[in-house]
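What follows is a set of notes on a single structure, which appears directly below.
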Amino acid sequence: MTIYITTPIYYVNAEPHLGHAYTTVVADALARFHRLLGEEVRFQTGTDEHGEKVLEAAREAGLPVKDFVDRISGIFRQTWDGLDISYDTYIRTTAPEHIKVVQEILARVYESGDIYFGDYGGLYCFGCERFYLERELVEGRCPDHLVLPTAIKEENYFFRMSRYQDWLKDYIKAHPDWIRPERYRNEVLAFLKEPLEDLCISRPKRRLDWGIPLPFDGNYVTYVWFDALINYLTGLGYPKGSDFPKYWPGAQHLIAKDILKPHGIYWPTMLKAAGLEPFQHLNVHGYWQMSQGKMSKSLGNVVEPRSLTALYGIDQVRFFFLREMVFGLDANFSEAALKARINADLANDLGNLFARSLGMAFKYRQGLVPAPGTPQALDQEVAGRAQEMAADFLHYFPALEFSKALHGVWEFINHLNRYIVACAPWELAKAPQEAGRLDTVLYHLLEGLRWIAALLRPVMPGSALKMSEQLGLGLALWDQPLPHLLKWGRLTPGTQLQKGPALFPRLEAEG
RNA sequence: GGCGGUGUAGCUCAGUCGGUUAGAGCAUGCGGCUCAUAUCCGCAGUGUCCGGGGUUCAAGUCCCUGCACCGCCA
């Protein structure tokens, strides 16, 4: 089984923000999860570098456009490296191989008769070098230059998108979880109730030359969305090689809700017109709403991902993203909420459970994994709950229900904390005749922690690795597919545990 | 203006097909433990389920309507 996970290619007119980081972390967690299942995964992200707004941003920055896009694209890449994003390919739309693919698709659609030449009229501001919609104007004037726009007509190329409206509607109806969650599927269907307009896919070069030339008319460059969406094909080496046929059937796009229309309507109809199969899933998420509360004094703007990870840690931020937001819905972002998650879930629940369990193993058993005796009811319950947690996790995670998947892990963590109280190992340690009982309890704790580490690996790769090291897990119990790891009792008695610093230090109240 | 979404504890939210006394986490209060990162465990709560009307033996849930906020489209 193969799977191809993509983020949007990010538009380089601005630096990465929280929303970009969320999409990318979700994609990464999914990619890591599927790799852990033993599937072949291709994971792609990158940057979108053509179009008017990029040109404007470069001008404002006082840089030649190529230098500008190199710089911002580099910042995105560094940001992802700083979030442990395990992308396989990083695509840039200014790369020669991408330009070739776009021209190839354009030529193909042109030859099939789905691209035609026609008039395009609108209100144009010469100062901005762009068209405006009525509603974008302020008292009928360009909001930047405060001049009256000129009504002009120009000839352009159009993609005959309307031809595929019925096909698209039928396809969505026949494939209920093609666009998910359902609310976004409904939104696209609602949009398709109205007649679909054809899509203008060119810009005259005299007005904008920062784009990919149309292969059939050198006086025009390609509209930026038509160019950008095709990156998903470029990344698989389309049309040559074996990667495209191998990975495309398992393609899953991840996007935020603001770009639902290009991905839910333009893209599938473009694929259809080019004679290609649709992707497998379009996964759509909501927005982080910035709460009104004051941001930390230490930062001008904490929503910058690199500042967040520097302050709170990579895994802490990744965990917060996946735990706090219900995929598809909006969620609130605040530093207070992030800190609360870190202290309550990571430091107090998981971190402390890990510390007290290993602490007892060192204090009572010299840091060696003891051999368990015959399990009693309480021990059997621990093993049973571990199985439940794993089954739920494997069900929820690929369905993008990260919040539920993690909630289940934390129920197990809480259960282990209660198990410790119920068994009171410190009492067992005082009674020599209870030595076997203490061994059994310690073993169940450590084995439970091994399961937790295995499941959390896609979400918090660095912390999970630390857990595995402190648990003394070798390759045979770590770098293996999940189904191989999730068998109760695989932790080997006699294994030497390792001491380490606190996994998730508690954040003290701000001074 | 059209279409859609949301409104549940102090805060953030879950609530399946209409079915017992509406739940979780955080925050708060009290008690317990000492292995642990002042952590953990137990107990205690607090509700006009946005307002109004309707259907039903039964409504947070379904229907109508009003209000507030949000999104998409024009």
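Quantities reported herein were computed from a predicted structural model and do not represent experimental measurements. Here is how names work: the chains are called A, B, and so on, in the same order as the sequence lines, proteins then strands, and each is numbered from 1.
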Please check if the distance between the ring centroids of [X] and [Y] is under 6.0 Å.
X        : Y        : answer
A:His444 : A:Trp488 : yes
A:Trp225 : A:Tyr266 : no
A:Phe402 : A:Phe321 : no
A:His407 : A:Tyr396 : no
A:Trp288 : A:Phe320 : yes

What's the [atom1]-[atom2] distance between [X] and [N], to the nearest Å?
X        : N     : atom1 : atom2 : answer
A:Gln470 : B:U37 : CD    : P     : 12 Å
A:Phe191 : B:G4  : CZ    : C1'   : 14 Å
A:Leu192 : B:C3  : CG    : C1'   : 14 Å
A:Lys261 : B:C3  : NZ    : C1'   : 14 Å

With [atom1] as the reference atom in both, quote the distance from [N] to [M] in angstrom, rounded to an integer.
N     : M     : atom1 : value
B:U21 : B:C30 : C1'   : 24 Å
B:U48 : B:C11 : P     : 11 Å
B:U46 : B:A24 : P     : 12 Å
B:C26 : B:G51 : C1'   : 29 Å
B:G45 : B:G25 : C1'   : 16 Å
B:A68 : B:C62 : C1'   : 23 Å
B:G1  : B:G15 : C1'   : 35 Å
B:G10 : B:U6  : P     : 22 Å

Assigned partner base of [N], Watson-Crick or wobble definition, under 3.5 Å:
N     : answer
B:U46 : none
B:A36 : none
B:C72 : B:G2
B:A59 : none
B:A14 : none
B:A27 : none
B:U20 : none

Partners of A:Tyr232 by ring pair (Phe, Tyr, Trp, His ring centres under 6.0 Å), sequence neighbours excluded?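 For A:Tyr232, the residues satisfying ring pair (Phe, Tyr, Trp, His ring centres under 6.0 Å) (neighbours in sequence not counted) are A:His253, A:His263, A:Trp267.
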
Quick one: ring pair (Phe, Tyr, Trp, His ring centres under 6.0 Å) partners of A:Phe504, sequence neighbours excluded?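 Applying ring pair (Phe, Tyr, Trp, His ring centres under 6.0 Å) to A:Phe504 gives none.
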
So that I can tick it off, tell me whether [Y] and [X] are bridged by a salt bridge, with the cut-off set at under 4.0 angstrom between side-chain N and carboxylate O.
X        : Y        : answer
A:Asp177 : A:Arg185 : no
A:Glu401 : A:Lys404 : yes
A:Lys257 : A:Asp330 : yes
A:Arg183 : A:Glu187 : no
A:Glu388 : A:Arg385 : no

I need the minimum non-hydrogen distance between A:Asp198 and A:Met161, along with the two atoms involved.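 Closest approach of A:Asp198 to A:Met161, heavy atoms only: OD1-N, 3.2 Å.
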
Starting from the C-alpha separation in whole Å, work towards a yes-or-no answer on ring pair (Phe, Tyr, Trp, His ring centres under 6.0 Å) for A:Trp426 and A:Tyr364. CA-CA 9 Å; A:Trp426 49 91; A:Tyr364 304 136; 8.7 Å; no

In [range], which residues come under 4.0 Å of RNA chain B by heavy atom?
range                       : answer
residues 421-434 of chain A : A:Val421, A:Trp426, A:Glu427
residues 389-403 of chain A : none
residues 348-377 of chain A : A:Asn348, A:Asp349, A:Gly351, A:Asn352, A:Ala355, A:Arg356, A:Met360, A:Lys363, A:Tyr364

Indicate whether the side chain of A:Thr24 and that of A:Tyr10 have a donor and an acceptor atom separated by less than 3.5 Å.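 The answer is yes; a qualifying pair exists.
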
Can you work out whether A:Arg341 or A:Pro505 has the more 5'-proximal nearest nucleotide on RNA chain B?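 Going by which nucleotide is closer to the 5' end, it is A:Arg341.
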
For a quick check of understanding: with a heavy-atom distance under 4.0 Å over all strands, which category does A:Arg183 fall into, base, sugar-phosphate or nothing?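 Contact class for A:Arg183: sugar-phosphate only.
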
Looking only at side-chain atoms of A:Asn417, point me to the closest of B:U37, B:C41, B:C73.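 Minimum distance to the A:Asn417 side chain belongs to B:C41.
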
Can you name the atoms? Protein N/O to nucleotides 8-15 of chain B N/O, anything below 3.5 Å, with the distance.
residue: B:U12; atom: O3'; partner: A:Asn332; partner atom: ND2; Å: 3.0
residue: B:C13; atom: OP1; partner: A:Asn332; partner atom: ND2; Å: 3.4

